[in-house]
Amino acid sequence: MIMYSIRTKILAITLACIVFLGTAFVLYSIATTENYKRLRLEGIKKTLEFETEKINKIIAALERGATNLVIDGLLFFQSQSYSIGETSVLEFLRSFSAAAGGGFWFEPYAFNKNKLHASIYAFYDKDSGELLMGDIENYNHYEKNWYREIVDKIKRPYQTAWARPFVGDLSLSLKTAVGAGIFDHEGNLIGVSVIDWGMEEAIRDLTAIHPTENSFVVLCAPEEDYVISDTYTNSLMGTTVKSIPWDINANSFFLEGVSYLSFSQFLDNGWLLSVQIPQNEIFAEVESQNNSFSIIIAFVSAIMICIAYYLVSKLINDPIKQLTSDLADLALGNLDIQIKVTTKDELGMFAKTFNKMTTDLKESLEAHDRERAEKERIAAELSVAAEIQSSMIPCIFPPFPSRSEFDIYATMLPAKEMSGDFYDFYMVDENNLAIVIADVSGKGIPAALFMVITKTMIRDCSSWESPKNVFEEVNKKLCYNNESSMFVTAFLGFYNIPTGRFIYVNAGHVPPLVKKGGGGFEFLKIKPGIVLGFTENAKYSEEEIILETGDIFYLYTDGVTEALNTDMAVFSEQRLLEAINKCKDYSPKDLVSAIKQEMDNFTGREEQSDDTTMLALKVSHLTDPAVKELTVQAIKAKLNEVLDFVNAELKGNNYPPELQGEIDVVAEEIFINIANYAYEQEAGEATISIAGGREEMLLRFEDSGRPFNPLGEKDPDLDKPLAERQLGGIGIFLVKKLMDKVTYIRLENKNVLTMTKKIK
């Protein structure tokens, strides 16, 4: 068998690399031109997409603005007060810099049966930049093309429609408009909310795209056969798309003997932005740069290969030879050998590791005999202690035979003689059940003793008002004289049996699993919290979930997910989730037993190093109506999801349409306020809860934004003249008028606004 040295192998690899690079450069010189052409085309497309995206953001903002303005239009229509309508439009435009103007325009006699015209309009003066109210007393807007184009396109609430560009009658500037329909409670279109967009600056930006010297830009509306701007003919508005002397949809074409490539991008409102570039101008610079770059790369690569070969041979080959010689002596059983490689790289670290390993191995063999005798002595003592410990946790099931509202089962399996895990459950009072699961740091007798102390303290403090207060008091006691620096991960929850309200607090424990309704189990998203016994002044925060009939709450310790098999693979959270969903309809006892069986099948005969503790609670039935809950990002884009959630509950209780309309207005006003003002920098979340009964329904909004009590603001004086009236407050005023009771509280760093409505 022929043996080759490392130096020979490095030489062969280097020569092979030279041959490979030579071949690669030949292929590169052929393919690089086409590659750079592709990159050039992609660069032009990216530029076009970037410019289009800037305009699309403005278009999206205008469409959202028109939709949001519908709420103020409904308020104006219901109040029949022009002062309210003018205030709403002025407030909206001052806070919306993208708009050139806006207002409400109603269908003939729709606003007032005795009045043909009904509209409110404000605009920014082109010269002074001031916000002015339009003089539209006798302005027949329904005869204008822009109004008819918008109205004819709108078929349903919150749908937006765009008008062709036009010159404003009041502002005398080029603009277009987007509108959203205002519908009455019967679903009839009674008018539109319209926002104007000054287009002159946008057209200048789009038509300024100039990738090459002789390129030109066309901005048009293909569906309406309408050209907005054409830099080839220097025309602006009015020309038809069909009159353009090339196919606007073609990727390439000839014009006056020149071959052009066309790059097009549709805007979100249906307009088409198209850039035409002479093909010979696109690739001229790219081909020149490519040739120069290829020559430089070939020269530099050859030099780098030579340098790399020299360094690898010098710095790696010699140390490897020395390492091989020393390891050969070590393999013969000589534990006193010391590898002599002293380089400060991976080979040096490898040598140090082997030297330390031989020293540790010698010391380990000597200590082994001493440890064996000590283990045999304490084995008997641990057996007695384990029996005492197991008798301290609940082990009789069912534990509350007289309570049919829930079913509970738990088990604890120590990995060794003594366990650092524990579970507990007990009735705090007639209607509240306390559930605890915990895992003490460390193993053996110290962990078991700390477990007994922690369990006793938690039960003794359960007379406190909330799980948060219990953990804060227990944490202070555990930190006192805790010289061993032991700590506990724990989870404590108070389950309100009549309503299904489960308030819990977590102290660094693994997240539980919960099954809601007919769905499967999912991990509950909880705050991690600080472990008990770590720092004396730790603060804990409460969270809550509503459990309904058939729901199951499953708690466990990390001994479940970190169980090892013979390949040292862990059982993992994913396997736990798959296992528990196989038996999601089981009783708590059968559920726990099934998961234990899945673990046994996975681990086989592998001995486990951590305790395994599980607890399952299943809701049999509730005595109070269920509360439905939805959590979404506090952004305007989630408004429709919130309204769909609220309307589904309202329709499920067969509430009258008039009531549903009022609740929709209230939900929309509160959610928009949270989206606009609750979070100053980063986006947060809002939680909407609703519970419907026969005599009364409840609607609650929660957010974690800055503290704000909307009920502390004074109601607007609608009798005062517009100039003397303070802006804002109309939305909350409307909410208080529509609902029977509105209350606010700041709870656990959350704004909680609760509203009730009596069912008539």
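Note that the coordinates shown come from a computational prediction; the quantities given were computed from them, not determined experimentally.
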Asks: So with a 6.0 Å cut-off around NZ of K516, is the heavy-atom count from everything else above 12?
Replies: yes
Asks: Keeping E685 on the side-chain end and A634 on the backbone end, is there a donor-acceptor pair under 3.5 Å?
Replies: no
Asks: Taking atom CZ of F183 as the centre, report whether more than 12 heavy atoms of other residues, nucleotides or ligands fall under 6.0 Å from it.
Replies: yes
Asks: Mind telling me whether W197 and W162 have parallel, tilted or perpendicular rings, with 30° and 60° as the class edges?
Replies: perpendicular
Asks: Would you find a donor on one side and an acceptor on the other, under 3.5 Å apart, between the side chain of E668 and the backbone of V665?
Replies: no
Asks: Name the residue from D558, I437, V560 that meets the side chain to side chain contact (heavy atoms under 4.5 Å, CB included) definition with T613.
Replies: I437
Asks: Within the structure provided, determine whether I393 and Y423 are in side-chain contact (heavy-atom separation under 4.5 Å).
Replies: yes
Asks: Taking D439 for its side chain and V488 for its backbone only, find out whether a donor-acceptor pair lies under 3.5 Å.
Replies: no
Asks: Rounded to the nearest 0.5 Å, what separation is found between the CD1 atom of I458 and the NZ atom of K477?
Replies: 11.0 Å
Asks: Is there a side-chain contact between I408 and P588 (heavy atoms, below 4.5 Å)?
Replies: no
Asks: If you round to the nearest 0.5 Å, how far is OG1 of T743 from CE of M755?
Replies: 8.5 Å
Asks: Check step by step if side chain to side chain donor-acceptor pair (under 3.5 Å) holds for T756 and D740.
Replies: CA-CA 6 Å; T756 57; D740 292 309; over 6 Å; no
Asks: In this structure, are over 12 heavy atoms from other groups packed under 6.0 Å from K736 atom NZ?
Replies: yes
Asks: Is a donor on one side and an acceptor on the other found under 3.5 Å between the side chain of N432 and the backbone of V428?
Replies: no
Asks: Please walk me through it: do F491 and Y504 pass ring-ring contact (aromatic ring centres under 6.0 Å, His included)?
Replies: CA-CA 7 Å; F491 182 97; Y504 57 88; 5.5 Å; yes
Asks: Measure centre to centre between the rings of Y677 and F708, then say whether the value is under 6.0 Å.
Replies: no
Asks: For E522, look at atom CD and say whether over 12 heavy atoms of other residues, nucleotides or ligands are found less than 6.0 Å away.
Replies: no
Asks: One thing to verify: whether E472 and K468 come together as a salt bridge, which I'm taking to mean a side-chain N less than 4.0 angstrom from a carboxylate O.
Replies: yes
Asks: Has the side chain of Y679 got a donor or acceptor atom that lies under 3.5 Å from a matching backbone atom of S704?
Replies: yes
Asks: Judged by atom type as modelled, is there a donor-acceptor pair below 3.5 Å linking the side chain of T754 to the main-chain atoms of R700?
Replies: no
Asks: Could you tell me whether E649 and K651 make a salt bridge, using a distance below 4.0 angstrom between a side-chain N and a carboxylate O?
Replies: no
Asks: Let me confirm one number: the CG-CG distance from N751 to N709, rounded to the nearest 0.5 Å.
Replies: 8.5 Å
Asks: State, to 0.1 Å, how close K527 and E543 come at their nearest heavy-atom pair, and which atoms those are.
Replies: N-OE2, 2.9 Å
Asks: Just how far is it from atom CG of L576 to atom OG1 of T561, taken to the nearest 0.5 Å?
Replies: 7.0 Å
Asks: Quick one: do N475 and Y540 satisfy side chain to side chain contact (heavy atoms under 4.5 Å, CB included)? Show the steps, please.
Replies: CA-CA 10 Å; N475 178 67; Y540 298 90; 3.6 Å; yes
Asks: Do V619 and E405 have side chains that approach each other closer than 4.5 Å (heavy atoms only, starting at C-beta)?
Replies: no
Asks: Mind running salt bridge (Lys or Arg N to Asp or Glu O under 4.0 Å) on K476 and E473 for me, showing each step along the way?
Replies: CA-CA 5 Å; K476 290 180 181 178; E473 181 65 18; 5.1 Å; no
Asks: Closer than 4.0 angstrom, basic N to acidic O: yes or no for K455 and D424?
Replies: yes
Asks: Evaluate the side-chain proximity of I435 to F502: yes if any heavy-atom separation is below 4.5 Å, no if none is.
Replies: yes
Asks: Enter the distance from Y655:OH to I663:CD1 here, rounded to the nearest 0.5 Å.
Replies: 9.0 Å
Asks: Have a look at D703 and tell me which of T687, V752, I688, I674 forms a side chain to side chain contact (heavy atoms under 4.5 Å, CB included) with it.
Replies: I674
Asks: Under a 4.5 Å cut-off applied to non-hydrogen side-chain atoms, are I595 and I580 in contact?
Replies: yes
Asks: So, for F701 and F671, is the gap between ring centers shorter than 6.0 Å?
Replies: no
Asks: How about K584 and I552: do any of their side-chain heavy atoms sit closer than 4.5 Å?
Replies: no
Asks: With rounding to the nearest 0.5 Å, note down the distance linking CG in L532 to CE in M457.
Replies: 10.5 Å
Asks: For F96, look at atom CZ and say whether over 12 heavy atoms of other residues, nucleotides or ligands are found less than 6.0 Å away.
Replies: yes
Asks: Does F397, at its CZ atom, have more than 12 non-hydrogen atoms belonging to other residues, nucleotides or ligands within less than 6.0 Å?
Replies: yes
Asks: I want to check something: taking the side chain as every heavy atom from C-beta on, are L643 and Y158 in contact at a cut-off of under 4.5 Å?
Replies: yes
Asks: Any sub-3.5 Å donor-acceptor pair from N506's side-chain atoms to I526's backbone N or O?
Replies: no
Asks: Within the side chain of D184, is there an N or O that forms a donor-acceptor pair under 3.5 Å with the backbone of L189?
Replies: no
Asks: Should the ring pair F76 and Y82 be called parallel, tilted or perpendicular, given that the plane angle runs from 0 to 90° and is split at 30 and 60?
Replies: perpendicular
Asks: Is it the case that atom NZ in K57 sees more than 12 heavy atoms from other parts of the structure closer than 6.0 Å?
Replies: no
Asks: Does this structure show an ion pair linking K515 with D551, if we count only N-O contacts that are shorter than 4.0 Å?
Replies: no
Asks: Taking the side chain as C-beta and beyond, is there a heavy-atom pair between N673 and I732 under 4.5 Å?
Replies: yes
Asks: Does any N or O in the side chain of H621 come within less than 3.5 Å of the main-chain N or O of E548, such that one atom is a donor and the other an acceptor?
Replies: no
Asks: Check the orientation of F406 and Y495. Use parallel for under 30°, tilted for 30 to 60°, and perpendicular for over 60°.
Replies: perpendicular
Asks: Are the side chain of S572 and the backbone of R575 linked by a donor-acceptor contact shorter than 3.5 Å?
Replies: yes
